[in-house]
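Model, not experiment: these values are computed from the prediction. Starting from 1, each residue takes its place in the sequence as its number.
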Amino acid sequence: LGPSVTGGSPITSYRVEWFEMAPVPTVQSIWIVNSIAGQTTGQFRLLFQGSTTGELEYNAQAEDVRYELMRLDSWGLIGHVEVERTDVEGRGYRWDVTFLDTTLNAGEVSRFLLNPESLNGNTGSLTAYTRVVQHGSRAGGHTEIQKITTSSSGGYIEGYFQLSLRGSGWSPLLAHDASTSQVQDALESLYTVG
């Protein structure tokens, strides 16, 4: 029950926030599926926070994917991960990657990018993508800080950018030198933020 007197404009909505006491790990999946079984050949690479894995075969075992991801750990990007591979109706594979390191990868983890340029669907139609299966969160409601930086090697910056969070769609355009309050307003315009 809301207050009977608000001292101002009518209340049109409430913001409810909650948190989990235990951390929730981020889980991402990597999909390579062909419309025709047995037609996929070639390799792919995964990109994570600016670093790239070595080439992985289209049918790589879970251990091979994990090995390549752990090699990125030499840059301090990825802690302990577990990888599980699932056959997709004989037409390809899905790899689920669970980020378990609560120091390096606590909370929401940057999404993988998939470089499929060395994959070949042959006579079939090939689909290759990544997606978030489970969004991560830090233990005890500790907030995340994500930094947005605009820079230029030439010293002059211009242009616009947009923000998105957890599949919300895009925020309004923000100038490269947007103020803190403009960024906050843009974030709060996203339905996944409120």
Side-chain angles (χ1 to χ4, degrees), residues 17-121 124-148 163-169 190 192-193:
E17 297 181 356
W18 71 93
F19 62 88
E20 299 288 333
M21 287 306 296
V24 176
T26 297
V27 180
Q28 296 184 34
S29 62
I30 303 151
W31 293 73
I32 298 175
V33 180
N34 200 318
S35 60
I36 302 174
Q39 290 297 304
T40 305
T41 59
Q43 299 82 29
F44 66 98
R45 292 178 186 264
L46 295 171
L47 291 79
F48 184 75
Q49 294 184 0
S51 294
T52 306
T53 65
E55 287 192 336
L56 289 156
E57 290 296 320
Y58 74 94
N59 61 351
Q61 296 296 319
E63 301 82 34
D64 298 328
V65 173
R66 183 180 187 279
Y67 174 79
E68 285 297 325
L69 292 173
M70 296 306 295
R71 287 186 57 211
L72 297 179
D73 192 41
S74 64
W75 296 95
L77 300 175
I78 296 181
H80 176 65
V81 296
E82 290 183 2
V83 180
E84 181 180 330
R85 184 183 87 167
T86 305
D87 180 83
V88 181
E89 301 170 357
R91 298 180 298 116
Y93 299 96
R94 177 181 117 192
W95 296 265
D96 288 327
V97 180
T98 304
F99 292 83
L100 296 171
D101 189 303
T102 57
T103 302
L104 288 175
N105 306 126
E108 190 69 21
V109 175
S110 298
R111 189 166 169 176
F112 290 122
L113 297 176
L114 174 65
N115 181 344
E117 67 184 34
S118 296
L119 289 171
N120 189 338
S125 176
L126 188 63
T127 304
Y129 62 94
T130 63
R131 79 186 239 332
V132 177
V133 176
Q134 175 176 282
H135 292 281
S137 64
R138 295 174 183 262
H142 296 289
T143 58
E144 292 184 29
I145 297 175
Q146 296 189 11
K147 185 176 180 179
I148 301 170
L163 304 171
S164 176
L165 180 68
R166 295 185 177 179
S168 65
L190 305 176
T192 55
V193 176

Test S137 against E108 for side-chain contact (heavy atoms from CB on, under 4.5 Å), laying out the working first.
-> CA-CA 6 Å; S137 64; E108 190 69 21; over 6 Å; no
Is any side-chain heavy atom of D96 less than 4.5 Å from a side-chain heavy atom of V133?
-> yes
State which residue, out of H80, Q61, E84, fulfils the side chain to side chain donor-acceptor pair (under 3.5 Å) condition with R66.
-> H80
Could you tell me whether the side chain of T52 reaches within less than 4.5 Å of the side chain of N115, counting heavy atoms only?
-> no
Under 3.5 Å, side chain of E68 to main-chain N/O of G54, donor-acceptor pair present?
-> yes
Aromatic ring centroids of F44 and Y93 under 6.0 Å?
-> no
Which is it for T130 and R111 under the side-chain contact (heavy atoms from CB on, under 4.5 Å) test, yes or no, and what are the steps along the way?
-> CA-CA 8 Å; T130 63; R111 189 166 169 176; 3.4 Å; yes
Considering non-hydrogen atoms only, spot the tightest contact between V65 and A60 and give its length.
-> CG2-CB, 4.0 Å
What's the spacing between I32 CD1 and Y58 OH if we round to 0.5 Å?
-> 10.5 Å
At their closest point, which heavy atom of R85 faces which heavy atom of A62, and how far apart are they?
-> N-CB, 3.9 Å
Shortest non-hydrogen pair, G121 vs N34, comes out as O-ND2, 3.1 Å
For Q134, look at atom CD and say whether over 12 heavy atoms of other residues, nucleotides or ligands are found less than 6.0 Å away.
-> yes
Which atom names give the shortest non-hydrogen contact between G90 and A37, and what distance separates them?
-> O-CB, 3.3 Å
Evaluation steps, side-chain contact (heavy atoms from CB on, under 4.5 Å), between T98 and V81 | CA-CA 5 Å; T98 304; V81 296; over 6 Å; no
When rounded to the nearest 0.5 Å, the distance separating CD1 of I30 from CG of L113 is 11.0 Å
Hey, is the main chain of G42 close enough, under 3.5 Å, to the side chain of S118 for a donor-acceptor pair?
-> no
To the nearest 0.5 Å, what is the distance between CG (N120) and CD (Q43)?
-> 10.5 Å
Measure the CG-CG distance between L72 and L69 for me, rounded to the nearest 0.5 Å.
-> 6.0 Å
Start with the C-alpha distance between Q28 and F99, add both sets of side-chain angles, then the distance that settles side-chain contact (heavy atoms from CB on, under 4.5 Å), and finish with yes or no.
-> CA-CA 8 Å; Q28 296 184 34; F99 292 83; 3.8 Å; yes
Working to the nearest 0.5 Å, report the span between CD1 of I78 and CG of L100.
-> 12.0 Å
Give the minimum heavy-atom separation between V109 and N105, together with the two atoms involved.
-> CG2-O, 3.6 Å
Shortest non-hydrogen pair, A128 vs L119, comes out as CB-CD1, 4.2 Å
Kindly compute the distance separating CG (L114) from CH2 (W31), expressed to the nearest 0.5 Å.
-> 13.0 Å
